[in-house]
Amino acid sequence: MRLPLTRPRRPAPAPPANAHRVVIVGAGFGGLAAARALARAPVHVTVVDRGNHHLFQPLLYQMATGILSSGDIAPPIRDILRRQPNARVVLGTVTDIDPAARTLSVAGDAGATPATIPYDSLIVAAGAHTGYFGHPEYADHAPGLKTIDDALDLRSRILGAFERAERSDDPEERRRLLTFVVIGGGATGVEMAGQLAELAHRTLPGEFRTIDPRAARVVLLDGAPTVLPPFPEGLRRRVRRDLDALGVETHLGVMVSGVDAEGIDTDAADPAVARIEAAVKVWAAGVEASPLGRLLAERTSAAADRGGRLQVAPDCTVPGRPEIFVVGDLMALDGLPGVAQVAIQSGRHAAHTIARRLTGDGSVIPFRYHDQGSMATVARFRAVAAIGPLRITGTLGWLLWLYVHIAALTGYANRLKVILNWTIAFLGRSRPQRAIPHNLTKGPGGEPPAGR
């Protein structure tokens, strides 16, 4: 039987008070997909998240480089679910899970009373955060790019570096301030490096009087032998050529051994790469699962891998706990990558499974991921896409990338705003989101400046 699990055109009636209770932890791609897939199911849905917004993470680097604002890519969860009467939103952090009692402990802001939320089915979609491979101290000097705060922090560091270089009379200090290092050659690292190069070479020239922003040095480092390892070889070569054309220095097979306020150290044999003096460092080299994964592993005796991801059964449930689903970046299943489509599809799979059970269908259907292809943009008119046997590059790949990301955004208003900002940035030379909040302006080591 086909179940009506998609978001309804008209609001479905609210379920009865004693309806099945589904609690979803996390309003990222997986959690939101699950909530919306249950829009017409006879269940009560409670979405628990630390933030009040659904963040479109693939465009965070554009927020960090002044193209988009937080409102463009982070619509409120309540607004997204406002026409879904069976869903409510709870703002807070899950501090404990009691599988025996089937309850969650949720802490709110300071001073708020902790809450206990009961569930009949639980979907854990808490996602992942930046991972530093055992060196959390790197975070102070090389922030990642996983949250709005990360993007605002990086924007202030990037734009602040140009401002400090304008004030400096020391040539060596200017070179350090105008050196930007991106650590990690995956999609986020490649896209960030490309936008930094475009910012320096296309947007900022002519705005300063004592420096030439085009003298900025953008360096991309990765321990792997190639950029974008999951992509076909031909597309990886194309991305290298595009990066070279933009003036990005790419050093592969290089491991970072230290990060401090003044720069980074690597294991490269070349002295110019072994130590790179740089004011701005961006960490795009890895992720770790939410701590909730290890907490759930302790409470259920499930296995967690080295990255904290939970080993789940083929249907995305915790072994021995069929009422608990783990989806997205938090699950370890068949070597699936931590990408948005895995999260969306596994979230929907969990929702479908719950809805089927309510009809009396207890059959176990394994989750099957349908790969819809991979895309990455390097800069304006430069992108690559692998969709089945198709390999698309250049302007056509870039236009396809624009279309796919516009279509994936939540809400027509957000799509219109993003299209407008893209028009300003890509057809013109300006970037509309370049304000630096005074309290976020970073000094050479990432610290706020003293005084006013």
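- Taking the side-chain hydrogen bond (donor to acceptor under 3.5 Å, both in side chains) definition, one finds that D222 meets it with nothing, sequence neighbours left out.
- M375 places a side-chain heavy atom less than 4.5 Å from the side chain of V404.
- Residues T203 and R431 have side chains that bring a donor and an acceptor to within less than 3.5 angstrom of each other.
- The minimum heavy-atom distance linking I77 with G51 is given by the pair CD1-O, 3.5 Å.
- Taking the charged nitrogens against the carboxylate oxygens, R237 and E233 do have a contact shorter than 4.0 Å, which makes a salt bridge.
- Annotation for L68 and R155: closest pair O-NH2, 3.1 Å, computed over non-hydrogen atoms.
- Ring centroid separation for the pair W401 and W422 comes in under the 6.0 Å cut-off.
- Using a 4.5 Å heavy-atom cutoff, the side chains of F325 and L122 are not in contact.
- For the atom pair I123 CD1 and L330 CG, the distance stands at 13.0 Å (nearest 0.5 Å).
- Residues E198 and R380 meet the side-chain proximity criterion, which asks for heavy atoms closer than 4.5 Å.
- Here the closest heavy-atom approach between residue P229 and residue A224 is recorded as CG-CB, 4.4 Å.
- The closest side-chain donor-acceptor pair between T147 and D149, if any, does not fall under 3.5 angstrom.
- Residue G189 comes nearest to L220 through the heavy atom pair O-CD1, 3.8 Å, listed as atom of the first residue, atom of the second, then distance.
- Formation of a donor-acceptor pair under 3.5 Å by the D242 side chain with backbone atoms of A379 is not found in this model.
- The shortest distance between side-chain heavy atoms of I148 and S70 falls below 4.5 Å.
- Side chain to side chain, S290 and H129 fail the donor-acceptor criterion of an N or O pair below 3.5 Å.
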Test side chain to side chain donor-acceptor pair (under 3.5 Å) on Q341 and Q345; report intermediate values, then the result.
CA-CA 6 Å; Q341 274 301 319; Q345 293 179 33; 3.1 Å; yes
Check step by step if side chain to side chain donor-acceptor pair (under 3.5 Å) holds for T393 and R238.
CA-CA 8 Å; T393 63; R238 175 59 182 260; 3.1 Å; yes
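- Of the possible polar contacts, one joining the N414 side chain to the D72 backbone as a donor-acceptor pair under 3.5 Å is found.
- The backbone N or O of D260 sits less than 3.5 Å from a side-chain atom of K281, completing a donor-acceptor pair.
- Without hydrogens or angle criteria, R391 side chain to A385 main chain gives no donor-acceptor distance under 3.5 Å.
- Using a cutoff of 4.0 Å between basic side-chain nitrogens and carboxylate oxygens, R157 and D153 are scored as salt-bridged.
- Below 30°, between 30° and 60°, or above 60°: for F381 and W398 the angle between ring planes is above 60°, a perpendicular geometry.
- Remark: I183 CD1 to I264 CD1 distance equals 5.0 Å, nearest 0.5 Å.
- Between H135 and Y132, the gap from one ring centroid to the other reaches at least 6.0 Å.
- With hydrogens and angles ignored, the 3.5 Å screen pairs no side-chain donor or acceptor of H44 with any backbone N or O of Y119.
- When all heavy atoms of V287 and A128 are compared, the closest pair comes out as CB-CB, 4.2 Å.
- Ion pairing between R82 and D79 holds under the 4.0 Å rule for side-chain N and carboxylate O.
- Summarising the geometry, atom CZ belonging to F231 is positioned 10.5 Å from atom CZ belonging to R236; distances are rounded to the nearest 0.5 Å.
- For the residue pair Q372 / H370, no side-chain donor-acceptor distance below 3.5 Å is found, with atom types taken as modelled.
- Between the side chain of Q84 and the main chain of A35, a donor-acceptor pair closer than 3.5 Å is present.
- Listed by chain and number, the residues in a salt bridge (Lys or Arg N to Asp or Glu O under 4.0 Å) with R240 amount to none (sequence neighbours excluded).
- Salt bridge absent: K146 and D150 never bring a charged side-chain N and a carboxylate O closer than 4.0 Å.
- Formation of a donor-acceptor pair under 3.5 Å by the R78 side chain with backbone atoms of N52 is not found in this model.
- Residues A197 and L246 come closest through the heavy atom pair CB-O, 3.7 Å.
- Here the side chains of L292 and V94 are in contact, with some heavy-atom distance below 4.5 Å.
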For side chain to side chain donor-acceptor pair (under 3.5 Å), just list the numbers for D361 and T359, CA-CA rounded to whole Å, side-chain angles, deciding distance to a tenth of an Å, and then say yes or no.
CA-CA 6 Å; D361 182 356; T359 68; 5.3 Å; no
Please walk me through it: do H405 and L59 pass side chain to side chain contact (heavy atoms under 4.5 Å, CB included)?
CA-CA 9 Å; H405 282 72; L59 293 179; 4.1 Å; yes
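- Panel note: side chain D329, backbone G127; no donor-acceptor pair is recorded below 3.5 Å.
- Aromatic pair F29/H54: ring centres closer than 6.0 Å.
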Carefully, step by step, assess F367 and L336 under the rule side chain to side chain contact (heavy atoms under 4.5 Å, CB included).
CA-CA 11 Å; F367 171 60; L336 291 173; 3.7 Å; yes
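- Without hydrogens or angle criteria, R309 side chain to M331 main chain gives a donor-acceptor distance under 3.5 Å.
- For the atom pair NE2 of H53 and CD1 of I80, the computed distance is 10.0 Å after rounding to the nearest 0.5 Å.
- Put simply, the side chain of R88 never gets that close to the backbone of V45: no donor and acceptor are under 3.5 Å apart.
- Residues L104 and T116 are not in side-chain contact: their nearest non-hydrogen atoms beyond the backbone lie 4.5 Å or more apart.
- Between L221 and V181 the shortest side-chain heavy-atom distance falls below 4.5 Å.
- Side-chain contact between V418 and N421: absent, with no pair of heavy atoms (C-beta onward) separated by less than 4.5 Å.
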Step-by-step side chain to side chain contact (heavy atoms under 4.5 Å, CB included) determination, L55 to L60
CA-CA 9 Å; L55 180 60; L60 268 177; 3.8 Å; yes
Evaluate the side chain to side chain contact (heavy atoms under 4.5 Å, CB included) criterion for residues V106 and T95: first the C-alpha distance (whole Å), next the side-chain angles of each, then the deciding distance (0.1 Å), finally the verdict.
CA-CA 6 Å; V106 179; T95 57; over 6 Å; no
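- Here the straight-line distance linking atom OG1 of T65 with atom CG of L159 works out to 9.0 Å at 0.5 Å rounding.
- To the nearest 0.5 Å, atom CZ of residue R348 and atom CG of residue L32 are 9.5 Å apart.
- Within a 6.0 Å radius of CZ in R50, other residues, nucleotides and ligands contribute 12 heavy atoms or fewer.
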